[in-house]
Amino acid sequence: MSVYTKIAIPMFCVAFAMFILARKKRDKNYMIPGFVLLAAGFVNAVLAITAG
């Protein structure tokens, strides 16, 4: 398992936790960091797939 995969999985988990908090608390301040972490996790996942 590459380092990028080990970084991408927690980023996805935290991003989805932010989305759950945004829905539960009805506060949009959790959405922007959630999308940023989701995008960063996606980039790390693509790098992990590319690197092997």
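Residue indices begin at 1 and follow the sequence shown. The figures that follow rest on heavy atoms only: side chains count, while hydrogens, waters and symmetry mates do not.
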Just distance, no hydrogens or angles: give the donor-acceptor pairs under 3.5 Å from side chains in residues 8-26, sequence neighbours left out.
none

Show me the donor-acceptor pairs, under 3.5 Å and distance only, between side chains in residues 31-44 and residues at least two apart or in other chains.
residue, atom, partner, partner atom, Å
Asn44, ND2, Ala40, O, 3.4

Give every donor-acceptor pair under 3.5 Å between a side-chain atom in residues 45-52 and any protein atom, sequence neighbours left out.
residue, atom, partner, partner atom, Å
Thr50, OG1, Val46, O, 2.8

